[in-house]
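Chain letters run A, B, ... following the sequence lines, proteins first, then strands; residues in each count from 1.
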Amino acid sequence: MKNKLPLSFYKQDDVISVARALLGKNLYSLIDGQLTGGIIVETEAYRGPDDRGSHAYNNKRTPRNEMMYSSGGVVYMYICYGIHDMVNIVTGKEGMSHAALIRALEPIEGLDIMRDRRRIYGQDQRLCQGPGALAQALGLNKLHNGTDLQGDVVWITDEGKNFADDEVVASARVGMNFDGPYKTIPWRFSVKGNQFVSRPRM
DNA sequence: TATAGGATAGGCT
DNA sequence: GCCTATCCTATAG
């Protein structure tokens with residue numbers, strides 16, 4: 001695969017701008033010889049120790065979130081609600097617990113495979129609509145925790161697609177069950193009007 | 001060791 | 001819009 005994002009992209013300190021910059025990039029997986037992927041249209045930033053919404057809030061360090069502290073350029077996966085696997089891109093230098101959650105893709109590669117994995121037919125806009133959904137469509141689960149994005153299992157490419165600022169919406173992140181400024185800080189980025197963006201309950 | 005609850009999604013009312 | 005599946009993790013005792 002060509003045009004893979006360089007390691008330097010993931011090592012940037014500012015996970016907020018990384019999350020924003022990921023919009024328009026392509027995320028691929030090659031699992032069991034099956035290539036699947038799509039254009040990233042929705043992300044969220046989770047900024048290490050000061051972010052109340054992050055697993056690494058207050059420098060909390062547990063076996064689950066250990067991967068967030070590794071050097072940028074790997075995948076952090078975990079299970080939410082016992083059912084859904086979440087795909088996060090670890091950013092920053094070693095020891096910085098920053099990560100960007102990939103929340104939705106516009107499917108472009110391996111549509112048949114994704115339909116089979118999701119058992120959804122005739123509603124392609126739902127294939128990768130939501131963080132749990134896209135992980136399932138790409139065949140990713142917690143066993144892929146720590147996968148190197150420079151490898152040939154999961155990777156991100158830049159194929160020249162860019163969304164201008166007026167095509168992007170910054171809004172409050174989803175599922176923040178606490179009070180305080182981080183509940184509403186606009187660290188969720190999505191493509192305006194894009195039909196593949198998830199629609200969480202308000 | 002026990003237990004509460006979570007960065008959700010789909011189906012049902 | 002509401003309900004809950006389903007299980008691993010984080011905490012407390």
In whole Å, I'd like the distance from the CD atom of Gln129(A) to the P atom of dG10(B). 8 Å
Pairs counted only when both distances fall under 3.5 Å, Watson-Crick or G-U: show me the 5' to 3' dot-bracket for DNA chain B, [ ] for pseudoknotted crossings and | for other-strand partners. ||||||.|||||.
Which distance, rounded to the nearest 0.5 Å, do you find between the OH of Tyr57(A) and the CZ of Phe178(A)? 8.5 Å
Between dA7(B) atom P and Met67(A) atom CE, what is the distance in whole Å? 19 Å
Name all pairs fulfilling the salt bridge (Lys or Arg N to Asp or Glu O under 4.0 Å) condition that reach into residues 52-81 of chain A, sequence neighbours left out, sorted by first residue then second. Arg61(A)-Glu66(A)
With sequence neighbours excluded, what pairs up with Leu5(A) under the side-chain contact (heavy atoms from CB on, under 4.5 Å) test? Phe9(A), Tyr10(A), Leu22(A), Lys25(A), Ile156(A), Asp158(A)
Can you tell me the distance, in whole Å, between the CG atom of Leu134(A) and the P atom of dA9(B)? 8 Å
Derivation and outcome, side-chain contact (heavy atoms from CB on, under 4.5 Å), residues Thr36(A) and Glu109(A): CA-CA 5 Å; Thr36(A) 49; Glu109(A) 185 72 44; 5.8 Å; no
Would you tell me whether Gln12(A) and Thr91(A) have side-chain atoms, one donor and one acceptor, within less than 3.5 Å of each other? no
Can you give the donor-acceptor pairs under 3.5 Å from side chains of residues 78-85 of chain A to other protein atoms, not counting sequence neighbours?
from, atom 1, to, atom 2, distance (Å)
Asp85(A), OD1, Lys142(A), N, 3.2

Looking for any heavy atom pair under 4.0 Å, which part of the strands does Gly53(A) touch: base, sugar-phosphate only, or nothing? base
So does Glu159(A) get a backbone contact from the side chain of Asn3(A), meaning a donor-acceptor N/O pair under 3.5 Å? no
How would you list, by chain and number, every residue that makes a side-chain contact (heavy atoms from CB on, under 4.5 Å) with Glu94(A), sequence neighbours excluded? Ser71(A)
Residues of residues 12-27 of chain A with a heavy atom under 4.0 Å from any atom of DNA chain C, listed by number, are none
Atom CE of Met176(A) and atom P of dG5(B): how far apart are they, to the nearest Å? 17 Å
Please enumerate all residues that pass salt bridge (charged side-chain N to carboxylate O under 4.0 Å, His left out) together with Arg117(A), with sequence neighbours excluded. none
Starting at atom CZ of Arg52(A), determine the distance to atom C1' of dG6(B), rounded to an integer number of angstrom. 14 Å
How long is the line joining OH of Tyr78(A) and P of dG5(B), in whole Å? 18 Å
Taking atom types as modelled and ignoring hydrogens, do the side chains of Arg126(A) and Gln129(A) form a donor-acceptor contact shorter than 3.5 angstrom? no
Rounded to the nearest Å, what distance is computed from the OH atom of residue Tyr182(A) to the P atom of nucleotide dA7(B)? 17 Å
Letter per nucleotide, 5' to 3', of nucleotides 5-11 of chain C [B base touched, S only sugar-phosphate touched, - untouched; heavy atoms, 4.0 Å]: BBB-SSS
Residue pairs passing the ring pair (Phe, Tyr, Trp, His ring centres under 6.0 Å) test with at least one member in residues 92-149 of chain A, sequence neighbours excluded, are none
Please measure how far the C1' atom in dA4(B) lies from the corresponding atom in dT4(C), and state the result in whole Å. 16 Å
Those residues of residues 95-121 of chain A lying under 4.0 Å from DNA chain C by at least one heavy atom: none
Quick test of your reading: applying salt bridge (Lys or Arg N to Asp or Glu O under 4.0 Å), list the pairs with at least one residue in residues 166-181 of chain A, sequence neighbours left out, ordered by first then second residue. Asp51(A)-Arg173(A)
So Ile40(A) and Asn26(A), do their side chains get closer than 4.5 Å, heavy atoms only? no
Value in whole Å for how far the C1' atom of dG6(B) lies from NE2 of His55(A): 8 Å
side-chain contact (heavy atoms from CB on, under 4.5 Å) against Leu101(A), all qualifying residues, sequence neighbours excluded: Glu44(A), Tyr46(A), Met86(A), Asn88(A), Arg103(A), Pro131(A)
